[in-house]
Amino acid sequence: MDEKIAVAIDGPAAAGKSSIAKALAEKFGYIYVDTGALYRAVAFFASESGIDTQDEKKVAECLKGLKISLEYKNGNQRVIVNGKDVSEIIRLPKMSMAASDVSKIKEVRAFLLDLQRDLAKNNNVIMDGRDIATVILPDAKYKFFLTASPEIRAKRRFLEFKEKGIEKDYDSLLKETKKRDYNDSNREIAPLKPHKDAIIVDSSDMTFDEVVRYMARRMEDQ
Ligand code: CDP
């Protein structure tokens, strides 16, 4: 089989990774893989099983009863947990912190590793997450670290929720964004940090189209 192309996009919460990655995936005809959805799926399954997502031992144990798969419908990723499509429910605000909780657990990261690598083995992928370039796909041809100030990211998330009809005030979103940044960057395993070869893109003062154009150009140049 021919070598597949992988594009890694890492960065903090609400930096715009998923919408940018989707646009690039469409432009280049690659599959977009949202790895955050996998951590959200674990968080959802643990919560549904009545487990406190901060209870590392219980979360690790519950993985035995969990099967996660990703399906693609018209280019959109669907997340299937034990046969049930959970793609919408895992987006609820309470799942964000819960996902950050379970992402610290080494058994959880090991559980999700092969799933992510298999997707990249069989498809050209644009994969977004926290540790894609540093751990999951260190040989990814293109490595980006997409970031923006916490204030801009909280504002973007606020507008995103508002559009979906979810009430969340800006101040609590800003607080949560900072807390998640702290958790994700300071955990022991696979902390959020740019790969040494990553192209850093700070989108604080860039429009969506500018970011997509800039990243597409960098991919075409290399
Ligand atoms: O979309 P948003 O930026 O809110 O978060 P997400 O990408 O859905 O990820 C939710 C949580 O999963 C993050 O806060 C991380 O703690 C964790 N995560 C991770 O540890 N590694 C990844 N590759 C992706 C997500």
Say you draw a straight line from [atom1] of [X] to [atom2] of [Y]; how long is it, rounded to the nearest 0.5 Å?
{"X": "Ile105", "Y": "Tyr39", "atom1": "CD1", "atom2": "OH", "answer": "11.0 Å"}
{"X": "Ile166", "Y": "Leu92", "atom1": "CD1", "atom2": "CG", "answer": "6.0 Å"}
{"X": "Thr147", "Y": "Lys17", "atom1": "OG1", "atom2": "NZ", "answer": "9.0 Å"}
{"X": "Arg40", "Y": "Ser100", "atom1": "CZ", "atom2": "OG", "answer": "10.0 Å"}
{"X": "Lys84", "Y": "Ile89", "atom1": "NZ", "atom2": "CD1", "answer": "5.5 Å"}
{"X": "Ile136", "Y": "Asp114", "atom1": "CD1", "atom2": "CG", "answer": "9.0 Å"}

key: Short N-O contact, Lys168 and Glu176, less than 4.0 angstrom   = yes
Indicate yes or no: at least one non-hydrogen side-chain atom of [X] is less than 4.5 angstrom from one of [Y].
{"X": "Phe144", "Y": "Ile132", "answer": "no"}
{"X": "Lys179", "Y": "Met97", "answer": "yes"}
{"X": "Glu71", "Y": "Ile80", "answer": "yes"}
{"X": "Leu24", "Y": "Val7", "answer": "no"}
{"X": "Val79", "Y": "Asp34", "answer": "no"}
{"X": "Ser203", "Y": "Leu146", "answer": "yes"}
{"X": "Phe45", "Y": "Ile51", "answer": "no"}
{"X": "Lys143", "Y": "Lys196", "answer": "no"}

ask   = Between Tyr142 and Ile199, does a side chain to side chain contact (heavy atoms under 4.5 Å, CB included) hold up when you go through it step by step?
value = CA-CA 8 Å; Tyr142 309 105; Ile199 298 169; over 6 Å; no
State whether the side chain of [X] and the backbone N or O of [Y] hold a donor-acceptor pair below 3.5 Å, judged by distance alone.
{"X": "Tyr72", "Y": "Tyr32", "result": "yes"}
{"X": "Asn82", "Y": "Lys67", "result": "yes"}
{"X": "Lys106", "Y": "Ile189", "result": "no"}
{"X": "Asp184", "Y": "Pro12", "result": "no"}
{"X": "Ser204", "Y": "Ser149", "result": "yes"}
{"X": "Arg153", "Y": "Ala148", "result": "yes"}
{"X": "Asp128", "Y": "Ser18", "result": "yes"}

key: Residue among Met127, Lys121, His195 satisfying side chain to side chain contact (heavy atoms under 4.5 Å, CB included) with Leu137   = Met127
task = Just jot down the side-chain contact (heavy atoms from CB on, under 4.5 Å) partners of Asn76, sequence neighbours excluded, or say none.
result = none
Results of side-chain contact (heavy atoms from CB on, under 4.5 Å) for Asp169 - residues two or more places apart only = Asp171, Ser172
Hydrophobic clustering (ILVMFWY, side-chain heavy atoms < 4.5 Å, transitive) - are [Y] and [X] grouped together?
{"X": "Ile31", "Y": "Ile126", "value": "no"}
{"X": "Met95", "Y": "Ile68", "value": "yes"}
{"X": "Ile90", "Y": "Leu63", "value": "yes"}
{"X": "Met206", "Y": "Met219", "value": "yes"}
{"X": "Val81", "Y": "Val102", "value": "yes"}

Residues, nucleotides or ligands: over 12 heavy atoms within 6.0 Å of Asp205 CG = no
On a heavy-atom basis, which atom in [X] and which in [Y] lie closest, and how many Å separate them?
{"X": "Ile200", "Y": "Pro194", "answer": "CD1-CB, 3.7 Å"}
{"X": "Tyr170", "Y": "Phe158", "answer": "N-CD1, 3.9 Å"}
{"X": "Ser103", "Y": "Arg187", "answer": "OG-NH1, 2.8 Å"}
{"X": "Phe111", "Y": "Leu66", "answer": "CZ-O, 3.4 Å"}
{"X": "Arg91", "Y": "Ala37", "answer": "NH2-CB, 3.6 Å"}
{"X": "Asn124", "Y": "Lys4", "answer": "OD1-CA, 3.4 Å"}

task = Any chance you could lay out the side chain to side chain contact (heavy atoms under 4.5 Å, CB included) test for Leu115 and Leu38, step after step, and finish with the verdict?
result = CA-CA 9 Å; Leu115 179 57; Leu38 300 172; 3.7 Å; yes
query = Sequence neighbours excluded, which residues qualify as ring-ring contact (aromatic ring centres under 6.0 Å, His included) partners of Phe28?
reply = Tyr30
task = May I have all residue pairs that pass side chain to side chain donor-acceptor pair (under 3.5 Å) and include part of residues 43-61, sequence neighbours excluded?
result = Thr53-Asp101
request  = List for me each residue that meets salt bridge (charged side-chain N to carboxylate O under 4.0 Å, His left out) alongside Arg109, sequence neighbours excluded, and say none if there are none.
outcome  = Asp131
message = Under a plain distance cut-off of 3.5 Å, with no hydrogens placed, do Thr177 and Arg157 share a side-chain donor-acceptor pair?
response = no
Let me check something: any side-chain donor-acceptor pairs from residues 208-216 under 3.5 Å, sequence neighbours excluded? List them with distances.
from: Glu210; atom 1: OE1; to: Thr207; atom 2: N; distance (Å): 2.8
from: Tyr214; atom 1: OH; to: Arg218; atom 2: NH1; distance (Å): 2.8

